[in-house]
Amino acid sequence: ASETSQLKTREAKARYALLLSAAYDKNYIDIKSDTLISVATSYYSEHGAPRYRMLAWYYDGIVLKNGSQHTASIIAFEKAEKEAKALDDNYQLGLISRNKAEVFSYNYNDKDAIECCKKSIYHFELANAPTYKASAEFALATAYSNNKQFSEADSLFSFILEHYSDPKLIAYSNIRWAGLLVNSDIENEKALY
């Protein structure tokens, strides 16, 4: 509340809360209290542009996910998803699906995590966001592995290593792939390599 005390209108306070919440997220600062973003969700639920309403619900979902309020997080993401579909915003739909997949994964719901990862890949493809698509493919391979769908995970990790050049993605994929190969007894020699 002190951050918005100088702002005169509810709209200005909501916009400030939305922008600050986005800035925290973009700078990898995990806010766990929804006090700030609730200013935006409260206002944009009734007023303002649909894009701001979508973003308010999206960042509410992020904050709730950070605070391990998983059910509330999924509800917020689904509200954001409804708005993103109406706006035909594939990039945001990709982000929403990717975050929903994380929440499902945290709760060992690998089947739903897999479906959300697939949606995320689809939307990032439509949005022409190859870096995000690659990250979603890594998440899908991980979800396959967690769900003991080892051959699907093996194929996808192999695909990632053959088709992408991002060093961080390659390093993570190699580590996860080696773990998968050892844990599933697919090929211990291959894992060692």
Side-chain angles (χ1 to χ4, degrees), residues 1-107 109 112-140 142-143 168:
S2 63
E3 293 111 354
T4 61
S5 61
Q6 300 295 317
L7 301 171
K8 302 296 181 204
T9 66
R10 231 182 121 209
E11 180 180 11
K13 291 176 183 181
R15 184 70 190 266
Y16 176 84
L18 179 59
L19 292 173
L20 187 57
S21 295
Y24 283 138
D25 182 56
K26 302 262 185 246
N27 286 287
Y28 304 100
I29 300 170
D30 291 344
I31 303 301
K32 296 179 182 178
S33 167
D34 65 350
T35 304
L36 178 65
I37 193 61
S38 67
V39 173
T41 56
S42 175
Y43 178 80
Y44 290 120
S45 291
E46 301 169 9
H47 310 284
R51 176 152 189 78
Y52 294 148
R53 183 168 33 260
M54 173 194 66
L55 291 171
W57 286 121
Y58 172 73
Y59 288 113
D60 188 42
I62 294 289
V63 169
L64 293 165
K65 180 183 78 165
N66 292 342
S68 298
Q69 297 180 51
H70 296 151
T71 302
S73 176
I74 291 294
I75 292 168
F77 285 135
E78 288 181 351
K79 289 178 182 179
E81 187 174 47
K82 179 182 173 188
E83 299 294 334
K85 283 179 182 176
L87 294 168
D88 198 26
D89 187 335
N90 282 298
Y91 173 74
Q92 198 67 42
L93 284 165
L95 291 177
I96 293 164
S97 293
R98 180 67 187 86
N99 278 282
K100 284 173 66 175
E102 282 183 22
V103 174
F104 288 131
S105 183
Y106 294 157
N107 290 284
N109 184 347
D112 285 341
I114 288 167
E115 291 309 308
C116 285
C117 286
K118 288 178 180 178
K119 285 182 186 177
S120 183
I121 292 165
Y122 170 78
H123 288 297
F124 285 139
E125 177 74 31
L126 290 177
N128 194 24
T131 302
Y132 289 92
K133 180 179 177 245
S135 175
E137 287 170 336
F138 172 79
L140 177 58
T142 302
K168 190 175 177 181

field: Aromatic ring pairing His70/Tyr106, orientation class (parallel under 30°, perpendicular over 60°, tilted between)
entry: tilted

- prompt: Okay, side chain of Arg53, backbone of Tyr44: is any donor-acceptor separation there less than 3.5 Å?
  reply: yes

message: Nearest 0.5 angstrom please: Gln92 CD to Glu81 CD, how far?
response: 11.0 Å

- request: Working to the nearest 0.5 Å, report the span between CE of Met54 and NZ of Lys79.
  value: 15.5 Å

- request: Please answer whether the main-chain N or O of Ala101 pairs with a side-chain N or O of Ser105 as donor and acceptor at a distance below 3.5 Å.
  value: no

message: Is it true that Tyr43 and Tyr52 share a donor-acceptor pair across their side chains at a distance under 3.5 Å?
response: no

- prompt: Considering all heavy atoms of both residues, which atom of Ala17 and which atom of Ile37 are nearest to each other, and what is their separation?
  reply: O-CD1, 4.4 Å

message: Determine whether a donor-acceptor pair (N or O, by modelled atom type, separation under 3.5 Å) exists between the side chain of Ser120 and the backbone of Cys116.
response: no

query: Which pair of non-hydrogen atoms, one from Val63 and one from Ser33, has the smallest distance, and what is that distance?
result: CG1-O, 3.3 Å

message: Working to the nearest 0.5 angstrom, can you tell me the gap between Leu126 CG and Ile121 CD1?
response: 12.0 Å

Main-chain N/O of Ala56 paired to Asp60 side chain as donor or acceptor, under 3.5 Å: no

statement: Between Leu55 and the options Leu19, Thr41, Leu18, the side-chain contact (heavy atoms from CB on, under 4.5 Å) test singles out Leu18

task: State, yes or no, whether a side-chain contact exists between Leu36 and Ile31 at a heavy-atom distance under 4.5 Å.
output: no

statement: For Tyr91 and Ala129, the nearest pair of non-hydrogen atoms, with its separation, is CD1-CB, 4.4 Å

query: Does the Ser73 side chain pair with the main chain of Gly61, one donor and one acceptor, at a distance under 3.5 Å?
result: yes

message: Has Ser42 got a side-chain atom pairing as donor or acceptor with Val39's backbone, closer than 3.5 angstrom?
response: no

field: Asp25 side chain to Ser21 backbone, donor-acceptor under 3.5 Å
entry: no

- prompt: For Arg98 and Glu102, what are the C-alpha separation, side-chain angles and deciding distance, and is it a salt bridge (charged side-chain N to carboxylate O under 4.0 Å, His left out)?
  reply: CA-CA 6 Å; Arg98 180 67 187 86; Glu102 282 183 22; 3.6 Å; yes

query: CG of Asn128 to CG of Asn90: how many Å apart, nearest 0.5 Å?
result: 11.0 Å

- prompt: Is Lys119 paired with Glu115 through a side-chain N to carboxylate O contact shorter than 4.0 Å?
  reply: no

task: Give the minimum heavy-atom separation between Glu83 and Pro50, together with the two atoms involved.
output: OE1-CB, 4.0 Å

message: Can you tell me how far apart CD1 (Ile96) and CG (Asp89) are? Round to the nearest 0.5 Å.
response: 7.5 Å

query: Is any side-chain heavy atom of Gln69 less than 4.5 Å from a side-chain heavy atom of Lys32?
result: no

message: Quick check: closest heavy atoms across Gly94 and Phe124, and the distance to 0.1 Å?
response: C-CZ, 3.3 Å

query: Quick one: does Asn99's side chain get under 4.5 Å of Tyr58's, heavy atoms only?
result: yes

message: Between the side chains of Glu11 and Arg15, is the shortest nitrogen-to-carboxylate-oxygen separation below 4.0 Å, so that they form an ion pair?
response: no

task: Could you tell me whether Tyr132 atom OH has more than 12 heavy atoms of other residues or ligands within 6.0 Å of it?
output: no

